[in-house]
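These numbers come from the heavy atoms of this one structure, side chains and all, not from hydrogens, waters or symmetry mates. So that the names make sense, note that chain A is the first sequence line, chain B the second, and so on, each numbered from 1.
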Amino acid sequence: MERDFVRISDVKVSGNQGLEVKLRGWVYRTRGSNRMLFIVLRDSSDIIQCVGSRDDLGDEVFETARALNIESSISVMGTLNEDKRAPGGYELHLKAVEPVSPAERFPITKDQSEEFLRDNRHLWLRSRKMNAILKIRSTVTGAIHEFFRMRGYYEFTPPILTPNAAEGGSTLFEVKYYDRKIYMTQTWQLYAEAAIFSLERIYDVSPTFRAEKSKTSRHLSEFWMAEMEAAWMSYRQAIEVAIEEVRFIIAKVLEKNRNELEILEADTSRLEPLLSKEWPVITYTEALRILKEKMGMDVTWGKDLRTIEEEALMENFDTPVTVLQYPKEAMAFYKPVDPEADAPGPVAKCFDMIAPEGYGEIIGGSERDTDVSAISEALEREGEKVENYDWYLDLRRYGSVQHSGYGLGVERLIAWICRLDNIKDAIPFPRTLTRVTP
RNA sequence: GCCGCAGUAGCUUAGCAGGUUAGAGCGUACGGCUGUUAACCGUAAGGUCGUCGGUUCGAAUCCGCCCUGCGGCGCCA
């Protein structure tokens with residue numbers, strides 16, 4: 001009996017005219033009169049309109065079916081019919097309707113604010129929109145695993161609870177840990193650097209926590225980063241990997257999720273050309289020149305690019321752009337100077353990838369300094385206690401090698417691919433400055 | 001930390017140069033409808049207008065404090 005049920009997406013194909021099938025799922029919409037009844041049924045795969053008449057079902061079943069609330073779970077039996085009047089072109093002519101568990105009045109109705117839907121995210125996950133986003137999210141993280149494993153990388157899992165900061169103590173979440181205080185991880189990087197001396201090439205897809213007081217549509221307090229770290233690799237090689245990775249992910253989404261992109265109104269013609277185009281790689285210094293010549297914006301050399309400048313820069317491109325060699329002064333302690341760079345001042349062996357359409361930085365990465373004294377001095381300049389980083393410095397004392405890595409903001413990438421207005425919809429249960437529920 | 005915007009029924013909102021019982025749509029309840037597309041028609045219930053205080057004969061409307069939320073800047077992925 002159980003095996004007789006089929007998925008909606010499997011029956012919504014031509015050639016099934018008149019076929020008798022059993023479906024089960026949830027009531028997505030209902031309409032009708034006292035003789036006709038329309039139930040749009042939803043399962044994980046798709047939706048289909050079910051049509052029932054009082055004559056076919058009999059008074060008792062008809063009245064039971066008519067009384068079903070939205071989101072009641074039901075199983076149905078009927079014959080398939082191609083009909084232009086049905087949304088989606090196919091419908092099921094009902095012969096039987098059996099409630100599994102009738103729903104109470106569903107709180108989500110026609111008009112809802114974005115915030116109301118986020119308050120009810122536990123129920124809104126059932127929407128076509130969230131269903132589509134979650135499917136794409138699954139493709140994206142699956143593609144990341146596939147991409148790195150195909151290239152001989154090992155998955156390496158970092159600790160989530162960490163004793164000290166990696167980039168600026170002010171954005172750390174404190175955790176009561178027995179009788180001490182520790183922190184939620186901001187990046188796997190320090191641990192990844194330890195691991196490459198064993199595994200050489202590693203990656204992860206892990207949660208990251210940042211207590212930044214940023215209230216924007218691009219920030220989450222808990223988000224997922226897909227990182228990589230590789231021994232014997234320059235930052236320029238890491239850039240090549242990063243571009244390949246993002247292209248690979250987009251190709252996978254285009255391959256698997258065309259229906260979902262359509263539901264999200266995330267026009268695939270934005271994404272398709274990306275696969276055949278070159279993605280520019282420019283230096284920070286060149287970026288300043290573009291800003292001055294094409295946008296009339298004067299940025300003092302040495303200042304980090306701010307959001308308005310990044311957005312202005314991206315108006316000149318329709319693909320992601322990688323900007324490398326930012327001024328060393330503005331960069332974190334572990335990013336080494338590139339002595340070969342052609343720039344007005346010292347620049348770091350580092351890069352950011354900026355997404356088009358205003359979605360901002362999706363990747364940040366760099367080569368990692370291997371010079372113990374350079375790191376120590378940089379740490380002191382940032383006001384950190386060098387002794388806290390003793391084990392990290394050990395990695396330079398025992399057979400250090402050139403190595404690089406980067407982190408990809410999974411939700412920012414998903415938000416861009418899905419053309420979302422807000423990054424909060426790129427993750428099932430968003431955590432922000434003000435939101436910790438549901 | 002800084003700068004904007006908002007808070008009126010379960011939800012989405014109108015009303016805001018102060019003036020009778022604060023309107024509507026959706027949802028809900030009941031009734032009607034043989035093909036609907038978050039249908040349509042009718043009836044009904046549903047509101048301490050975020051809080052506290054002030055101005056006034058009179059405050060949803062004007063003023064002030066506070067609370068809550070949203071977005072943006074800085075910072076970041």
K.L.:
Between Ile362(A) (CD1) and A77(B) (P), how many Å, whole number?
P.N.:
12 Å
K.L.:
Which word best sums up how the rings of Tyr406(A) and Phe148(A) line up, parallel for under 30°, tilted for 30 to 60°, or perpendicular for over 60°?
P.N.:
tilted
K.L.:
Starting at CD of Glu361(A) and ending at P of G74(B), how long is that distance when rounded to a whole Å?
P.N.:
11 Å
K.L.:
Partner lookup for A44(B), please. Criteria are Watson-Crick or G-U wobble with both distances under 3.5 angstrom; report none if nothing qualifies.
P.N.:
U28(B)
K.L.:
By nearest heavy atom, map Ser221(A) and Ala86(A) onto RNA chain B; which one lands nearer the 5' end?
P.N.:
Ala86(A)
K.L.:
Looking at U36(B), C33(B), A77(B), which one has an atom nearest to any side-chain atom of Ser33(A)?
P.N.:
C33(B)
K.L.:
Give the rounded distance in Å between these two atoms: CH2 of Trp124(A) and P of A38(B).
P.N.:
13 Å
K.L.:
I want to verify a distance call: between U34(B), A77(B), U28(B), whose nearest atom is closest to the Asp55(A) side chain?
P.N.:
U34(B)
K.L.:
Between C73(B) and C66(B), how far apart are the two C1' atoms, rounded to whole Å?
P.N.:
25 Å
K.L.:
Is it the case that the base of G35(B) and the side chain of Glu91(A) share a donor-acceptor contact (distance under 3.5 Å, atom types as modelled)?
P.N.:
yes
K.L.:
Taking the nucleotide of RNA chain B with the nearest heavy atom to each, does Lys110(A) or Asn81(A) sit closer to the 5' end?
P.N.:
Lys110(A)
K.L.:
With a 6.0 Å cut-off on ring centres, are Tyr334(A) and Tyr392(A) close enough?
P.N.:
no
K.L.:
Check the distance between U36(B)'s C1' and Ile47(A)'s CD1 and give it to me in whole angstrom.
P.N.:
14 Å
K.L.:
Do the rings of Phe156(A) and Trp188(A) sit parallel, tilted or perpendicular, given the 30° and 60° boundaries?
P.N.:
tilted
K.L.:
Among the nucleotides C33(B), C76(B), U36(B), which one has an atom lying closest to any side-chain atom of Pro87(A)?
P.N.:
U36(B)
K.L.:
Main chain of Ser44(A), side chain of Lys135(A): is a donor-acceptor contact present, judged purely on distance under 3.5 Å?
P.N.:
yes
K.L.:
For Phe317(A) and Trp279(A), I'd like to know if the aromatic rings sit close, meaning centre-to-centre distance below 6.0 Å.
P.N.:
no
K.L.:
Base, sugar-phosphate, or nothing: which does Ile363(A) touch, judged by heavy atoms less than 4.0 Å apart?
P.N.:
sugar-phosphate
K.L.:
Select base, sugar-phosphate, or nothing to describe what Asp304(A) touches, counting heavy atoms under 4.0 Å on all strands.
P.N.:
sugar-phosphate
K.L.:
Quick one: does Arg31(A) reach the base of U36(B) with a side-chain donor-acceptor pair under 3.5 Å?
P.N.:
yes
K.L.:
If you measure from the P atom in A22(B) to the same atom in C16(B), how many Å do you get, rounded?
P.N.:
15 Å
K.L.:
More than 12 heavy atoms of other residues, nucleotides or ligands under 6.0 Å from CD of Glu329(A): is that the case?
P.N.:
no
K.L.:
Reckon Pro107(A) touches a base, only the sugar-phosphate, or nothing at all at heavy-atom distances under 4.0 Å?
P.N.:
nothing
K.L.:
Applying a 4.0 Å non-hydrogen cut-off, can you work out what Phe116(A) is touching in the nucleic acid: base, sugar-phosphate, or nothing?
P.N.:
sugar-phosphate
K.L.:
Give one of base, sugar-phosphate or nothing for Arg66(A), where a contact means two heavy atoms less than 4.0 Å apart.
P.N.:
base
K.L.:
For G1(B) versus C63(B), give the span between their C1' atoms, rounded off to a whole number of Å.
P.N.:
28 Å
K.L.:
Run the ring-centre check on Phe248(A) versus Phe147(A) and record whether the distance is less than 6.0 Å.
P.N.:
yes
K.L.:
Round to the nearest Å and state the distance from Glu212(A) atom CD to C2(B) atom C1'.
P.N.:
16 Å
K.L.:
Is G58(B) paired to anything, Watson-Crick or G-U wobble with both distances less than 3.5 Å, and if yes, which nucleotide?
P.N.:
none
K.L.:
What nucleic acid atoms does Arg29(A) come within less than 4.0 Å of, heavy atoms only: base, sugar-phosphate, or nothing?
P.N.:
base
K.L.:
Write down the distance separating the C1' atoms in C41(B) and G4(B), rounded off to the nearest Å.
P.N.:
45 Å
K.L.:
For Tyr28(A) and A38(B), what is the distance between atoms OH and C1' respectively, to the nearest whole Å?
P.N.:
8 Å
K.L.:
How far does the P atom of A38(B) sit from the matching atom of C2(B), given to the nearest Å?
P.N.:
47 Å
K.L.:
For atom CD of Glu265(A), is the number of surrounding heavy atoms from other residues, nucleotides or ligands below 6.0 Å larger than 12?
P.N.:
no
K.L.:
Is G1(B) paired to anything, Watson-Crick or G-U wobble with both distances less than 3.5 Å, and if yes, which nucleotide?
P.N.:
C73(B)
K.L.:
Taking the same atom, P, in C40(B) and in U21(B), what whole-Å distance lies between them?
P.N.:
33 Å
K.L.:
Give me each pair satisfying ring pair (Phe, Tyr, Trp, His ring centres under 6.0 Å) with a member in residues 109-131 of chain A, each pair once, sequence neighbours excluded.
P.N.:
none
K.L.:
Tell me: CZ of Phe351(A) to C1' of C76(B), nearest whole Å?
P.N.:
16 Å
K.L.:
Between Arg66(A) and Phe62(A), is NZ or CZ placed under 6.0 angstrom from the six-membered ring centre and within 45° of the ring axis?
P.N.:
no
K.L.:
Can you tell me if the side-chain N/O atoms of Ser113(A) get under 4.0 Å from OP1 or OP2 in U12(B)?
P.N.:
yes
K.L.:
Quick one: label Met36(A) by what it contacts on the DNA or RNA (base, sugar-phosphate, nothing), any heavy atom closer than 4.0 Å.
P.N.:
base
K.L.:
Within the 4.0 Å heavy-atom criterion, would you say Glu411(A) contacts the bases, only the backbone, or no part of the nucleic acid?
P.N.:
nothing
K.L.:
With the criterion being N/O to N/O and under 3.5 Å, what pairs connect the protein with nucleotides 67-73 of chain B, and how long is each?
P.N.:
from	atom 1	to	atom 2	distance (Å)
C70(B)	OP1	Glu115(A)	OE1	3.4
C70(B)	OP1	Thr434(A)	OG1	3.4
C70(B)	OP2	Thr434(A)	OG1	2.6
C70(B)	N4	Lys215(A)	NZ	3.2
G71(B)	OP1	Asn422(A)	ND2	2.5
G71(B)	OP1	Lys424(A)	NZ	3.0
G71(B)	OP2	Lys424(A)	NZ	2.7
G72(B)	OP1	Ser217(A)	OG	2.9
G72(B)	OP2	Ser217(A)	N	2.3
G72(B)	OP2	Ser217(A)	OG	3.2
G72(B)	N7	Lys215(A)	O	3.1
C73(B)	OP2	Arg218(A)	NH2	3.2

K.L.:
Determine the interatomic distance between P on U13(B) and the same-named atom on G53(B); round to the nearest Å.
P.N.:
29 Å
K.L.:
Would you mind pulling out the nucleotide paired to G7(B), Watson-Crick or G-U wobble, both distances under 3.5 Å?
P.N.:
C67(B)
K.L.:
Any side-chain N or O of Asn34(A) under 4.0 Å from OP1/OP2 of G32(B)?
P.N.:
no
K.L.:
If I take atom CG in residue Leu413(A) and atom P in nucleotide A77(B), what distance separates them, rounded to the nearest angstrom?
P.N.:
15 Å
K.L.:
Walk me through whether Glu244(A) and Arg247(A) qualify under salt bridge (Lys or Arg N to Asp or Glu O under 4.0 Å).
P.N.:
CA-CA 5 Å; Glu244(A) 266 185 75; Arg247(A) 293 173 76 108; over 6 Å; no
K.L.:
Is there a stack between Phe38(A) and G35(B), judged by ring centres under 5.5 Å and planes under 30°?
P.N.:
no
K.L.:
With rounding to the closest Å, how many angstrom separate the C1' atoms on A44(B) and A9(B)?
P.N.:
15 Å
